[in-house]
Amino acid sequence: MVETSNTESTLIEREQKLAADLKSRFGDVLEITIKSKRIKIKVKSERLLDIANYINNELGFDHSTSVSGVDYPNSKEFEVVYHLSTYGREDFRDIVIAFSTRISRDEPKTLSLINIWPSVEYSERETFEMFGIIFEGHPKLEKLLLPEDWNDIPPLRKDFKPPGR
Amino acid sequence: MVSGASSNIFVGKLKDILEYSIEEPLNYLVNWGRLYALWPVHLETACCSVEWGAVSGPRYDIERWGMLAAFGSLRQCDVLVILGTVNRKMAPRVRMIYDQMPEPKYVIAMGACAVSGGLYFDSYSVLQGVDKIIPVDIYLSGCPPRPEQLIEALIMLQNKIRISKIS
Amino acid sequence: MSKLSLSVGPQHPGSGHMRIILTLSGDYIIEAIPDPGYVHRGEEKLAEYRNYIQNIPHLERPVVLDATGAIFPYVLAVEDLMNIIVPERAQFIRVIMAELNRIISHLYYMAIYGIFMGHSTMFMWPVGDREVFIDLANTIAGQRVTYAFLVPGGVRNDMPEKVKEQADKACNYFEKRLIEYEHIFMNNPLFEKRTKGVGILPKQDAIRLGVVGPTLRASGIKSDVRKDDTYSIYNQLDFEIPVSNACDSWSRAWIHMEEMRQSMSIIKQCLKRIPTGPVKLNLKQIKVPPGESYSRVEAARGSLSYYLISDGGKVPYRVRIMTPSFRNLITIPYIMKGVMLADMPPTYWGIDYWPVEADR
């Protein structure tokens, strides 16, 4: 909630410092948007692992809360969003970073971040079966929630119509 | 003395006497034994299982009506109470559970999802009513039904058992 | 010793449908692989075909015991995108309902814990005491189990006058009962023998795997969304977070008991300080501008979060629900190693895993 411009600038001071730190290190590969307690970072897929390592080791965001896939059929892309949070750094406990990358819809492949954040194991599996995105390097990419004999297109894509609609 | 016509009447009257004196009291006795000692298997699927927990508790106490939640093995249970949504991954297992129970067995479908799909009418993964795979005796609708409605369903099932024939 | 593979199958009374595939060596478990998905209903897909108000009774159903905790982050996300501020009285009523649901959910947890240990008195007492709090929720919101009470802009209706007296009676009664629970269950030598030192999850693993809720606090990390990433009026209230360093199943049950005490204290504070005023904004229609929002709340079992994307239309573009049970699922291979087969049910229930919530 915005009260005056003075308090607004102190409200997002920490987030601005984090954003400036990342921009100075990695430059144009990133695109950052800031709100109070929420930072969104859009990354091009070549430098994904480097930036993820930096956020984990140096900034201290030690676990991921969820992995989501979003389908944009108009621009023929999928977006994979990792939400990150921290238990170790107590002064950053209320900040959540949304770390996302866009991949092509016809050949959906991206690198798995399970070696950096082990907590993404089941969420990546679920995103695989719901969208068809392949995470390279994941040890067990199989069906988790859908029935074993599912033979239709992945259900959360926008061109899958639910039965009866 | 014993001609064709009179022996027919004799056999007919004998059948009536046997039916009146043995079969009806036997029906009554066996059904009385069954309906006050029903052991349920509960398929604790989803939201309705919370109301099942409340109905076995001290306030609504379904045990005084004759259903004891015994947590025994499937092979000694009579009633299958489907508590909630059955989805496509679970459907073959429900059929297997139904086949494992010995005769006579009864099924109560509890909740809107078990009756006809309920709130999830357009879901890709939900079976639209459990009567697509097993025969159902009592349909109980509600989302979730109150504990008093579950007791009424049990009484309706008991009335159904009381008038059934055991042959 | 030869190995045996055992499938603890989808139908088991008391818990809900979830399969665990165990590998045993003699009487001890050496590997446990979870297999969820038997109650998957496709909530995320269905949420894209219903408008913002029609989603409310629908999204309560996965987390049915703690219905307020399931809807709270959804209305917070919608209000964040619409940029509106909720009146004070509505915020106090929301917090009262959230803490009441926490007590109701924790009592069900204690009841099923009792049944899994074979202690049927510990099943009957919490289920009976739960009715006292369900009656209180019935008086406030009008329904026993699933309320559809929170809407974007406030709550649906105002509370009646008699709530304060009924809540005082319920809290006074229950505080005495908690002492009796400690006598018969928590300090029971059989319960201690079967759960102390069993199901260990060390502190480093808890951070690395990103666990939430009482499982996290039983491993020595003092973290709770109500204090860390505070929302609504929790920063005006005075309560504590119980933490334990023992990392085993006994301390998880102990934390549930302590949290019930803290919740009753929060309810009493709210009822003393609640102001008068309107309980909802008079919005003619729910028009959500395009944007994204991530919001999280401390539900009864842990931190529940929503990632909501809107494109300005009548229905949401993407709703991503992350429930605490799905996040705690990853601990099952770790806590089951070395546990005896007879102690498997209480170890499994100790992390408060609710299959419907994990599968959505």
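Atom OH of B:Tyr124 is separated from atom CG of C:Leu46 by 7.5 Å, given to the nearest 0.5 angstrom. Distance OH/C:Tyr49 to OG/B:Ser123: 12.0 Å, rounded to 0.5 Å. Atom CE in C:Met124 sits 7.0 Å away from atom CG in B:Asp61 (nearest 0.5 Å).
Per-residue heavy-atom pair counts under 4.5 Å with chain B were compared for C:His58, C:Glu43, C:Arg144, and the maximum is reached by C:Arg144. Considering only heavy-atom pairs separated by less than 4.5 Å from chain C, the leading option among B:Ser56, B:Ser49, B:Ala54, B:Pro58 is B:Pro58. Comparing C:Glu131, C:Gln143, C:Lys45 by how many heavy-atom pairs each has under 4.5 Å with chain B, the most go to C:Glu131. Counting heavy-atom pairs closer than 4.5 Å to chain C, the top residue among B:Val86, B:Leu119, B:Val94, B:Val41 is B:Leu119.
Put simply, the side chain of C:Gln11 does not reach to within 4.5 Å of the side chain of B:Arg93, judged on heavy atoms. For the pair B:Val50 and C:Arg130, the minimum side-chain heavy-atom distance is below 4.5 Å. Taking 4.5 Å as the limit, every side-chain heavy atom of B:Cys47 sits out of range of all side-chain heavy atoms of C:Thr146.
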Quick one, C:Arg61 with B:Thr85, criterion side-chain contact (heavy atoms from CB on, under 4.5 Å). Give me CA distance, side-chain angles, the key distance, then yes/no. CA-CA 11 Å; C:Arg61 287 330 196 243; B:Thr85 329; over 6 Å; no
Run B:Arg59 and C:Asp135 through salt bridge (charged side-chain N to carboxylate O under 4.0 Å, His left out) and show every step you take. CA-CA 12 Å; B:Arg59 185 193 255 193; C:Asp135 275 346; 2.7 Å; yes
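Only the side chain of C:Val145 has a heavy atom closer than 4.5 Å to any heavy atom of chain B. Only the side chain of B:Arg146 comes within contact range of chain C, with at least one heavy atom under 4.5 Å from a heavy atom of that chain.
A salt bridge links C:Arg50 to B:Asp122: one of the charged nitrogens lies within less than 4.0 Å of a carboxylate oxygen. Comment: C:Asp359 does not engage B:Lys89 in a salt bridge, judged by the lack of any side-chain N to carboxylate O separation of less than 4.0 angstrom.
Atom CZ of B:Arg64 is surrounded by more than 12 heavy atoms from other residues, nucleotides or ligands within 6.0 Å. By the neighbour-count criterion of 12 heavy atoms within 6.0 Å, atom CD of B:Glu152 is sparsely surrounded, having that number or fewer from other residues, nucleotides or ligands.
The backbone N or O of C:His40 sits less than 3.5 Å from a side-chain atom of B:Ser125, completing a donor-acceptor pair.
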